[in-house]
Amino acid sequence: MIRDFKAQVFCRENNLSKREIDTVDQVWIDRIDDFFRRTSILPPEGDPTEYAAAFEAVYPQPRHRRQYISDAISMGKPCFGHRVLGSLLAARKIDCVFTTNFDPLIEEAAYSANTLLPTEQQARPTVAAIDSAERAMRCLNESDWPLVAKLHGDYQSVSIKNTGSELERQDEKMRHVLAEASKRYGLVFVGYSGRDASVMEALNSVLEESTPFPNGLYWVTSSASRLLPAVDQFLESARSVGVDVAVVECKTFDELAADIIKHIDLPQVLIQHVMQARPSPRLIPVKLPVATPRSFPVLRYSALLIESLPVTARRMTLTQPVTSPEVRALLKEKRCRAVVAANGRELAVFGKDEELLGALAPFGAQMAGTIELDAVKDSWALGLLYDALVTALSRNRPLIPRFRRSGHSLVVAAPREDQDHERSRRRGQQLKRLRAAYSSELTGIVPILKLPFQEGASLKLEHIEERWWCGFEPYTFVDIPKLDHRPSAEAGSENSSQDLISAPPDLRGGDPAGDWRRERWARKYNRQWAEIIDAWAQVLTATNDGKVRAFGLNAGTGIDAVFAISRVTGWSRPSHHHPYFDRKK
């Protein structure tokens with residue numbers, strides 16, 4: 001909605017018709033965002049008041065805002081997540097739902113689920129908006145659940161709240177219901193930004209009571225780093241008064257609903273009802289065409305077969321729920337080398353036991369045996385193994401790991417001036433074949449721009465046709481300083497993780513090193529590409545026993561991440577093409 005509002009204001013201020021722009025075209029999106037950065041028409045992007053200000057700028061009159069919302073709602077329909085939520089309400093697994101949305105999708109999903117149950121088992125929710133708050137009060141006083149409470153009103157309400165002045169003060173009765181429910185139950189926040197000062201004020205007032213959120217407080221977000229300051233402050237205040245607080249990262253409502261439904265018992269008729277709305281899988285097995293293979297030509301892939309990978313990690317229990325970034329930050333502060341994945345009050349880790357216990361003492365860490373890893377089923381296990389693989393491939397090699405949410409990579413470490421002769425000789429020997437394949441230096445300075453570059457490779461850990469593969473894509477990385485550059489920890493060391501940083505204002509509008517990088521690779525044809533792929537495969541797998549280890553721990557000191565990797569990349573004949581490898585060649 002904010003994107004639509006911005007487009008309408010942009011057209012109005014620039015005397016354009018909305019038909020002249022394309023709001024899904026990245027060029028127009030960037031142009032519109034740049035316009036609002038240079039003006040003061042709306043609050044800055046990400047400001048808590050941005051939505052309310054944009055809505056009021058386009059539709060100043062309440063009746064027009066109601067009509068806009070009504071038109072938008074008429075095109076909506078319950079998604080998979082709504083169907084799960086409605087089934088949980090119908091099965092009395094949820095007592096009350098508070099929402100700032102105006103649409104009727106939650107109650108419609110609940111009514112649909114109820115029609116599938118026998119009359120005596122049905123639990124039809126009471127719906128209360130700000131102009132019918134007495135219903136919510138009755139449900140609270142009589143414990144008549146379930147309840148769906150519309151904090152900002154219903155799309156059919158005469159009064160709805162969506163502008164700055166309207167959101168400043170929440171309806172007193174609805175605020176009372178929210179506060180009282182928070183003193184009786186725990187709360188799970190899903191898809192809520194915390195932009196409304198009135199709602200956040202009501203939630204903070206609960207913390208002054210003797211038993212706030214007795215069953216815990218869970219804030220679900222796509223990224224913990226994107227929480228608004230008001231939300232961070234609220235969660236920190238809740239922790240300080242003893243509330244069990246957890247920040248849960250989940251990309252979409254549907255993904256969260258799919259995880260929840262795995263662990264809750266519902267009547268079989270509701271399970272079938274929910275699964276009928278399950279989104280179609282993006283990846284489906286297909287039968288590949290079979291033909292008589294030919295010996296030549298063959299395709300060489302930049303992918304190495306992982307013959308075995310870790311199946312267990314150390315399990316650690318904590319006295320408080322934490323997120324993976326919080327644990328990694330503490331380990332970095334304590335200089336503890338480990339790979340970790342957090343799951344509430346449990347950790348799955350690779351590293352030295354004694355060092356981990358000392359570093360994680362502030363979280364009350366205790367050893368709790370081992371935990372099984374199923375990277376196909378559990379995304380947290382896949383992330384843990386992905387981090388461990390990149391760590392293992394950089395160990396004892398002149399390579400620097402770079403860990404990113406969008407994908408990890410390894411870059412060649414630049415030589416250090418204070419490096420001793422033996423280490424310099426060993427580095428040169430390890431990179432000899434790679435330097436010969438590139439026919440140039442692997443690190444240096446980009447001409448004119450005077451920016452440091454390093455050859456490297458992006459890495460992927462992927463499960464293809466019942467086998468695990470480490471895909472690698474050679475790439476030239478250029479570090480571009482940004483305006484608020486922060487010195488990276490252990491800068492220059494062979495196994496430190498340096499930040500790839502964005503361009504300063506005078507270089508924005510594209511990749512300043514793009515032309516140089518394209519020119520550098522333009523003359524590398526098939527034969528040289530094959531040599532580069534072969535050289536990277538040799539660098540990544542050069543071990544005595546064909547295994548790479550994340551930390552090289554001695555037996556009994558902890559659990560190490562050990563991977564057995566083939567020294568030979570994948571190959572294919574023309575009749576054996578595979579969609580995954582065709583894009584990796």
Side-chain angles (χ1 to χ4, degrees), residues 298-311 337 339 350 373 375 382 384-403 407-413 423 425-439 442-443 454-477 494-495 497 524 526-553 560-572 578 580-581 583-585:
V298 292
L299 300 177
R300 181 167 198 175
Y301 308 132
S302 55
L304 295 164
L305 177 66
I306 300 180
E307 297 170 341
S308 68
L309 70 171
V311 294
R337 297 170 63 247
V339 178
F350 293 115
L373 301 178
L382 176 60
L384 178 74
L385 291 173
Y386 185 23
D387 292 351
L389 174 64
V390 176
T391 301
L393 291 175
S394 66
R395 178 173 169 268
N396 292 335
R397 295 172 175 83
L399 302 174
I400 299 173
R402 282 174 165 165
F403 299 96
H408 303 339
S409 58
L410 294 172
V411 297
V412 175
R423 196 168 185 177
R425 185 197 64 78
R426 188 169 65 251
R427 175 186 181 279
Q429 188 65 28
Q430 289 175 303
L431 297 176
K432 179 179 179 180
R433 189 167 179 177
L434 197 62
R435 188 182 297 108
Y438 278 88
S439 301
L442 303 176
T443 63
Q454 296 159 288
E455 296 296 349
S458 300
L459 301 181
K460 292 292 183 184
L461 175 61
E462 299 188 82
H463 193 240
I464 306 295
E465 294 187 346
E466 305 303 320
R467 292 184 175 187
W468 285 100
W469 296 85
C470 173
F472 59 93
E473 182 177 352
Y475 187 75
T476 304
F477 294 83
E494 289 191 358
N495 286 300
S497 180
K524 291 179 172 59
N526 288 351
R527 183 180 296 277
Q528 190 170 7
W529 261 104
E531 293 174 353
I532 290 174
I533 290 174
D534 187 62
W536 270 109
Q538 185 272 333
V539 170
L540 296 175
T541 61
T543 60
N544 294 329
D545 58 359
K547 296 180 180 180
V548 294
R549 297 167 172 80
F551 304 108
L553 302 180
D560 204 348
V562 182
F563 300 82
I565 303 181
S566 170
R567 290 191 170 98
V568 181
T569 60
W571 296 78
S572 175
H578 189 286
Y580 167 78
F581 290 126
R583 72 174 188 268
K584 294 292 184 180
K585 61 187 178 182

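Remember, it's a predicted structure, so these values are computed and weren't measured experimentally.
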Identify the two heavy atoms, one from [X] and one from [Y], that lie closest to each other, and give their separation to 0.1 Å.
X: Gly552; Y: Asp560; answer: N-OD2, 2.7 Å
X: Glu307; Y: Ser566; answer: OE2-CB, 3.7 Å
X: Ser409; Y: Ser458; answer: CB-CA, 3.9 Å
X: Leu410; Y: Ser394; answer: CD2-CB, 3.7 Å
X: Ser439; Y: Gln528; answer: OG-NE2, 3.8 Å
X: Ala537; Y: Leu304; answer: CB-CD2, 3.9 Å

Value rounded to 0.5 Å, distance of [atom1] in [X] from [atom2] in [Y]:
X: Arg435; Y: Gln430; atom1: CZ; atom2: CD; value: 11.0 Å
X: Leu309; Y: His463; atom1: CG; atom2: NE2; value: 9.0 Å
X: Lys547; Y: Ile565; atom1: NZ; atom2: CD1; value: 12.0 Å
X: Ile533; Y: Glu473; atom1: CD1; atom2: CD; value: 9.5 Å
X: Ile306; Y: Leu461; atom1: CD1; atom2: CG; value: 5.0 Å
X: Arg423; Y: Arg427; atom1: CZ; atom2: CZ; value: 10.5 Å

* Structure fact -> Residues passing the ring pair (Phe, Tyr, Trp, His ring centres under 6.0 Å) test with Phe551, sequence neighbours excluded, are none
* Determine whether more than 12 heavy atoms belonging to other residues, nucleotides or ligands lie under 6.0 Å from atom CG of Asp545. => yes
* Asked: So does Arg467 have more than 12 non-hydrogen atoms from other groups sitting under 6.0 Å from CZ?
  -> no
Is there a side-chain contact between [X] and [Y] in this structure, where contact means two heavy atoms from C-beta onward sitting under 4.5 Å apart?
X: Pro310; Y: Leu385; value: yes
X: Val548; Y: Leu540; value: no
X: Tyr438; Y: Pro474; value: yes
X: Trp529; Y: Ser302; value: no
X: Leu373; Y: Leu384; value: yes
X: Lys460; Y: Tyr386; value: yes

Within the side chain of [X], is there an N or O that forms a donor-acceptor pair under 3.5 Å with the backbone of [Y]?
X: Arg567; Y: Thr543; value: yes
X: Asp387; Y: Val339; value: no
X: Gln454; Y: Ala413; value: no
X: Arg549; Y: Arg395; value: no

* Could you please spell out the steps behind the side chain to side chain contact (heavy atoms under 4.5 Å, CB included) verdict for Leu389 and Leu459? => CA-CA 9 Å; Leu389 174 64; Leu459 301 181; 5.9 Å; no
* Asked: Can you name the side-chain contact (heavy atoms from CB on, under 4.5 Å) partners of Thr476, sequence neighbours left out?
  -> Phe453, Glu455, Trp516, Arg517, Arg520, Trp521
* side chain to side chain contact (heavy atoms under 4.5 Å, CB included) between Leu399 and Val412, intermediate numbers included -> CA-CA 5 Å; Leu399 302 174; Val412 175; 4.1 Å; yes
* Structure fact -> With Thr569 as partner, the option from Phe472, Trp469, Tyr301 fulfilling side chain to side chain contact (heavy atoms under 4.5 Å, CB included) is Phe472
* To do: Using side-chain hydrogen bond (donor to acceptor under 3.5 Å, both in side chains) as the criterion, list what pairs up with Arg337, not counting sequence neighbours.
  => none
